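Order of the sequence lines sets the chain letters (A, B, ...), proteins ahead of strands, with each chain counted from 1. This structure is a prediction, so every number in the text was calculated from the model and none was measured.
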2 protein chains.
Amino acid sequence: MRDSSESGPATEASGWQAQKSASTRNVIVESAIACFVELGYAGTTTTVIAKKAGLSRGAMLHHFPSKIDIVRAAVEHLHSKRLKAFRRAMSRPAPPDADRVALGVQAFWDHVRHPMFVAFFELSVAARTDPELAGILKPTQEAFEREWYQTARDVFPEWEGRGEEFDLALDLTRYVMEGMAIAALTHQANERDKRVRAYLAEKLHELRGD
Amino acid sequence: MRDSSESGPATEASGWQAQKSASTRNVIVESAIACFVELGYAGTTTTVIAKKAGLSRGAMLHHFPSKIDIVRAAVEHLHSKRLKAFRRAMSRPAPPDADRVALGVQAFWDHVRHPMFVAFFELSVAARTDPELAGILKPTQEAFEREWYQTARDVFPEWEGRGEEFDLALDLTRYVMEGMAIAALTHQANERDKRVRAYLAEKLHELRGD
DNA sequence: AGTCGGTTTCAATCATCTTTGACTTTTACC
DNA sequence: GGTAAAAGTCAAAGATGATTGAAACCGACT
């Protein structure tokens, strides 16, 4: 991190303490996310988060007065990181003659295989029967959905003007990929899945008008 | 597992008490399944199950000494009912000139929209981070997967000989449908989803060689 | 310079609540 | 009367949030 010797207009977090505090909060939040992945949402207790973060529970509860505050921060953190990674993966520069559809399919597949997707998935499932969590998650989910559509439009501008086919392509991609990723959480991802992804790419080409 | 000393395959209740006992066990198991749907796996406590079943906890624990026993029975119950309903829906008689592919898609869609799918889904997600539950669920999941492939083969015998396309069709169908159903658990199922299903049916026709 | 007061970070303990499974008692049926 | 079903009571374990206590740090003042 940056040191504080700079005498510039440090509007935020100029103090050493504030910086340390921010860092600690970050550790806590990332520990919580790791717990969602490893232990599930239900198995994630404040005790476990604190242990993984290497703090006492009391210290943690100083930064986040209650568990729901940690969850709130984790959702936010997760969202921004996931969105950034997704955008970067989708809009990775490619040679002009590359199969951008296939690359996009691969990028989406990598996205849903990432632990962050698992964490978000755990939260989504828990939110189905937990209204408070649902209230926290809802805006984030909607934002991500909007962003995913926008990113796709940016990456495939030539698709403009074929709104029907474009929407269908996006919906289809999302459902196949998410269904496959979720199934792969329980049993093992196998060779046949690769074929499904190849088929999907083929059909996306058709929908684009190739 | 008090295997009564009686000889013969009289699994059905012979005595009045045994019959009542079986009936109560059934009520308990179905209450547990309803709880999975309404409250999620984590939210399903023995207290809630007993309340929904209209029994005292003590009475319930007489029939199922521990919570895991209820879960075990619920998984079994769920499996057999789900499998039966799926088979019936898939192999429903249709007029000879009907679009059996479209009917199959619809049947599968109805299947994943059924509360039993939600219950099973909750259990699957919980099993990801709960080895004991995973051990209970694994054989059941594998059995259902086998049965789904077998049922599809029975319903579409003309697909025989096109193994590659057939497998692809089944995988694709499953992933699209499950992905769509799971997404519909959080946000609302919309009109565009209908289009995706229609598209899926169209592509299944292609894969069959129509 | 050096010390004092106050604040921030971290640690530990406590009381409360929930869930679970064991145990005991009452009721109903054969 | 004896046996199974149902109900009620109990202690142990775990999780949460609040409170108290200790250590490090910052700014200010003599």
Output the rounded distance in Å from [atom1] ([X]) to [atom2] ([N]).
X: B:H62; N: D:dG8; atom1: NE2; atom2: P; answer: 16 Å
X: A:I28; N: C:dC10; atom1: CD1; atom2: C1'; answer: 10 Å
X: B:K51; N: D:dG8; atom1: NZ; atom2: P; answer: 13 Å
X: A:E132; N: D:dT16; atom1: CD; atom2: C1'; answer: 14 Å
X: A:M60; N: D:dA18; atom1: CE; atom2: P; answer: 13 Å
X: A:L55; N: C:dA12; atom1: CG; atom2: C1'; answer: 14 Å

| Pairs satisfying salt bridge (charged side-chain N to carboxylate O under 4.0 Å, His left out), at least one member in residues 109-126 of chain A, at least two apart |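 Residue pairs passing salt bridge (charged side-chain N to carboxylate O under 4.0 Å, His left out), neighbours aside: A:E122-B:R128.
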| message | Can you tell whether the side chains of A:D69 and A:R72 come within less than 4.0 Å, N to carboxylate O? | response |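 So A:D69 pairs with A:R72 through a salt bridge.
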| field | Test item: A:F121 and B:V125 side chains (from C-beta on) under 4.5 Å apart, heavy atoms | value |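 Yes - at least one pair of side-chain heavy atoms lies under 4.5 Å apart.
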| query | Between B:M177 and B:L200, is any pair of side-chain heavy atoms under 4.5 Å apart? | reply |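 Yes, side chains in contact.
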| request: Could you encode protein contacts along nucleotides 20-27 of chain C as a string, one character per nucleotide from 5' to 3', using B for base contact, S for sugar-phosphate-only contact and - for no contact, with a heavy-atom cut-off of under 4.0 Å? | output: BB------
| query | Toward the 5' end of DNA chain D, which comes first, A:V48 or B:S56, by nearest nucleotide? | reply |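 Going by which nucleotide is closer to the 5' end, it is B:S56.
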| field | Cationic tip of B:R197 above B:W109 ring, under 6.0 Å, 45° of axis | value |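 Relative to the ring axis of B:W109, which defines the angle, B:R197 lies inside both limits.
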| Does A:H63 have a side-chain nitrogen or oxygen under 4.0 Å from the phosphate oxygens OP1 or OP2 of C:dC10? |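 Checking C:dC10 against A:H63, a side-chain N or O does come within under 4.0 Å of OP1 or OP2.
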| B:R100: partners by side chain to side chain donor-acceptor pair (under 3.5 Å), with sequence neighbours left out |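 With neighbours one apart ignored, the set is B:E158.
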